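All remarks here apply to the structure that follows.
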2 protein chains.
Amino acid sequence: MSDKKLVKIDRTDRRILEELQHHGELTNQQLSERVGLSPSPCSRRVRALEDAGIILRRVTVLDHKQLGLSLTAIILIGMDRHTPERFGAFESRVATYPEVQECYLITGQDADYMLKVVVPDMDHYHAFLLNKITRIQGVSGVHSSFVLRRVIDSTALPLGYL
Amino acid sequence: MSDKKLVKIDRTDRRILEELQHHGELTNQQLSERVGLSPSPCSRRVRALEDAGIILRRVTVLDHKQLGLSLTAIILIGMDRHTPERFGAFESRVATYPEVQECYLITGQDADYMLKVVVPDMDHYHAFLLNKITRIQGVSGVHSSFVLRRVIDSTALPLGYL
DNA sequence: CAGGCGGCGCAATGTGCTTGCTTTTTTGCA
DNA sequence: TGCAAAAAAGCAAGCACATTGCGCCGCCTG
């Protein structure tokens, strides 16, 4: 592995992570006063968390509605044969589709993969299914649901267990 | 609505959004040279995108494995009665559970809600189901799947349609 | 073809980040 | 319980970066 150094996460680190999870736009000194620290040790802690790989990356979340991407679909996909070749081929193909936000190999007899897909509208979704999903070797069953309302849409992890 | 100003998104804005979606840690001048601009107009464009609400927020993504959160579950939930009161009660309860990363009201006869939940292990998942999900009035059917592998786990939108 | 508008680049200013050093607090052991 | 060592916090200076005003250029319009 490439994780250089490991950090024991105390109460202060937990507060830092809690803030950064939701507010990645905070400056270091804004963050430092929220967690009750002066800027320098706060900055050092954040860098330690990055070096340890606990902070994976910073991202910017965009408004799909304003970008004309109104349709979000949840797709459950079953495979005909459960071989590593089938799975490998499926995953490497799916990884090239920008419409796919999430793709998980999951347990259960009904489905092998769960996908979250974002497209402009139904026409594009139809085209996506026909041209990209059903074309992949081994895809046997496809079940689509569509998002009516986003009650919660977050990337935050529950830090209460630490 | 409170969206102050609207921005027509040209090729440069698209490149900015594409970079920021994946690399929210970029400094403005790093971003500016990636999109082929000088720092000042780049900064102005980013702020315009923020003011327009196209850039919703910046977040920090953490490594769930290193934080001892090894289990991710996909839960499909059905409601006994499809009334606004039932839905409202369910949603306001679910919104208070930090383990729930995503909660969508979805189409389909099999389920009404799809949840993505993060917990340390199976014991905690069991407790979560018993103490938090099945306690909610109106929950009739619960189907759990568990994530075996994260093939794609992103927040990036497909900007190729613009 | 002339006028106006909008976006880009440059330079200066101000803000925030970073690094070395000192002080304080915590931890471990007698 | 007290002392010593180590780790973390705070301070100040140097530096990098973001921001703002201004002049210039290209484009669109009348």
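Please read these numbers as outputs of a predicted model, since none were measured by experiment. Throughout, a chain's letter reflects where its sequence line sits, starting with A, and its residues are numbered from 1.
Within 3.5 Å, a donor on the side chain of R44(B) pairs with an acceptor on the base of dG21(D), or the reverse. Scanning atom types as modelled, one donor and one acceptor separated by under 3.5 angstrom connect the side chain of S40(A) and the base of dC11(D).
At whole-Å resolution of the value, CG in L26(B) and P in dC17(C) are 17 Å apart. With rounding to whole Å, K8(B) atom NZ is found 12 Å from dC28(D) atom C1'. Between Q29(B) atom CD and dC17(C) atom P there is a gap of 15 Å when expressed in whole angstrom units. Taking atom CD1 of residue I16(B) and atom P of nucleotide dG7(C), one finds them 12 Å apart after rounding to whole Å.
Between R58(B) and E50(B) there is a salt bridge, with a side-chain nitrogen of the basic residue lying less than 4.0 Å from a carboxylate oxygen of the acidic one. Taking 4.0 Å as the cut-off between side-chain N and carboxylate O, K116(A) and D153(B) do not count as a salt-bridged pair.
Heavy atoms from other residues, nucleotides or ligands lying under 6.0 Å from CD of Q137(A) number 12 at most.
Here the nucleotide nearest the side chain of P41(A), chosen from dA9(D), dG9(C), dT19(D), is dA9(D). Listed nucleotides dA18(D), dC8(C), dA9(D) differ in distance to R45(B); the shortest reach to its side chain belongs to dC8(C). In this structure, the nucleotide among dA18(D), dC17(C), dG10(D) sitting nearest to the side chain of T27(B) is dA18(D). Comparing dT19(D), dA9(D), dT19(C) by their nearest atom to the side chain of R47(A) picks out dT19(C).
Residue S38(A) is classed as a base contact, given a heavy-atom separation below 4.0 Å to a base.
Judged purely by distance below 3.5 Å, without hydrogens or angles, the side chains of Y161(A) and E99(B) pair a donor atom with an acceptor atom.
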